[in-house]
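Remarks on the structure that follows.
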Amino acid sequence: MKSLKNLIRMQKNVVDEKRRELVRFQEEADYLRQAAKKLEDEILAEQQAARDNFEASFAYPNYHKAAMKRRDRLSQAIRAADHSVELAAEAMREAFQELKRFEIAEEERVARENAERKRKEAIMLDETASIRFFRKRGDDELNDG
């Protein structure tokens, strides 16, 4: 079997791309959460302003209505971003598992090749030892005779 190095290298690129995609979705979700937190802080500040200023209290209901719509849109966007993160994480896990399968297959191939090489070396050493033994035995027989 040929080396899987090219396939492993290509799969590493796939894993890296999936990882970058996951990070991009996580950053988007984090940004949306920060925006939601900022909106909540803004709502609290506007509520306080409406309590403190009689004239501002007239504008607060319209602001509150618009802020609730923004909150709903942000919540939906956060749920969508979280779903994208989950899908990207699963895709990355699958790509990583595929990479590991290729790496394990390559390691097993190399181990088989090494075992075969060692087996052949052992056979060659055994043959060399046998030849030396028979030569020495033959020389001993000539010297004795």
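Just so it is clear, the values below take in all heavy atoms, side chains as well, and ignore hydrogens, waters and symmetry mates. Just so we're clear, the structure is a prediction, and the values are computed from it rather than from any experiment.
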Quiz item: So does Glu116 have more than 12 non-hydrogen atoms from other groups sitting under 6.0 Å from CD?
Solution: yes

Quiz item: Can you get from Met92 to Val14 by hopping between Ile, Leu, Val, Met, Phe, Trp and Tyr side chains that sit under 4.5 Å apart?
Solution: no

Quiz prompt | Cationic N near anionic O, under 4.0 Å, Glu103 to Lys100 | solution = yes

Practice problem: Without swapping roles, check the side chain of Gln11 against the backbone of Ala95 for a donor-acceptor pair under 3.5 Å. | Solution: yes

Quiz item: Counting only heavy atoms not in Arg132, do more than 12 sit closer than 6.0 Å to its CZ atom?
Solution: no

Quiz item: Would you call Glu27 and Arg24 a salt bridge, using N to O less than 4.0 angstrom?
Solution: no

Practice problem: Take Asp30 and Gln34, measure what side-chain hydrogen bond (donor to acceptor under 3.5 Å, both in side chains) needs, and give me the verdict at the end. | Solution: CA-CA 6 Å; Asp30 290 345; Gln34 288 172 355; over 6 Å; no

Self-check item: N-O pairing of Arg117 and Glu121 below 4.0 Å
Solution: yes

Practice problem: Give the intermediate values and the outcome of side-chain hydrogen bond (donor to acceptor under 3.5 Å, both in side chains) for residues Glu46 and Tyr60. | Solution: CA-CA 7 Å; Glu46 289 296 322; Tyr60 181 76; over 6 Å; no

Exercise. Answer yes or no: is there an ion pair linking Glu40 with Arg71, defined by an N-O contact shorter than 4.0 Å?
Key: yes

Practice problem: Begin with the C-alpha distance, continue with both residues' side-chain angles, and end with the deciding distance and a verdict on salt bridge (Lys or Arg N to Asp or Glu O under 4.0 Å) for Glu21 and Lys18. | Solution: CA-CA 5 Å; Glu21 189 175 286; Lys18 298 293 182 187; 5.0 Å; no

Practice problem: Grab the two heavy atoms, one from Ala36 and one from Ile78, that are nearest each other, plus how far apart they are. | Solution: CB-CD1, 4.0 Å

Quiz prompt | Candidate pair Gln76 and Arg79, rule side-chain hydrogen bond (donor to acceptor under 3.5 Å, both in side chains), full reasoning | solution = CA-CA 5 Å; Gln76 290 173 358; Arg79 283 193 300 278; 5.6 Å; no

Quiz item: Quick one: which of Arg20, Arg19, Lys12 gives a side-chain hydrogen bond (donor to acceptor under 3.5 Å, both in side chains) with Asp16?
Solution: Arg19

Quiz item: So, are Glu42 and Arg70 salt-bridged, with charged N and O less than 4.0 Å apart?
Solution: yes

Self-check item: Crowding at CZ, Phe96 (>12 non-hydrogen neighbours, <6.0 Å)
Solution: no

Quiz item: Are side-chain heavy atoms of Lys37 and Leu74 found at a separation under 4.5 Å?
Solution: no

Exercise. Quick one: pull up CD1 in Ile104 and CZ in Arg109 and give me the separation to the nearest 0.5 Å.
Key: 15.0 Å

Self-check item: Salt bridge Glu98-Arg101, side-chain N to carboxylate O under 4.0 Å
Solution: yes

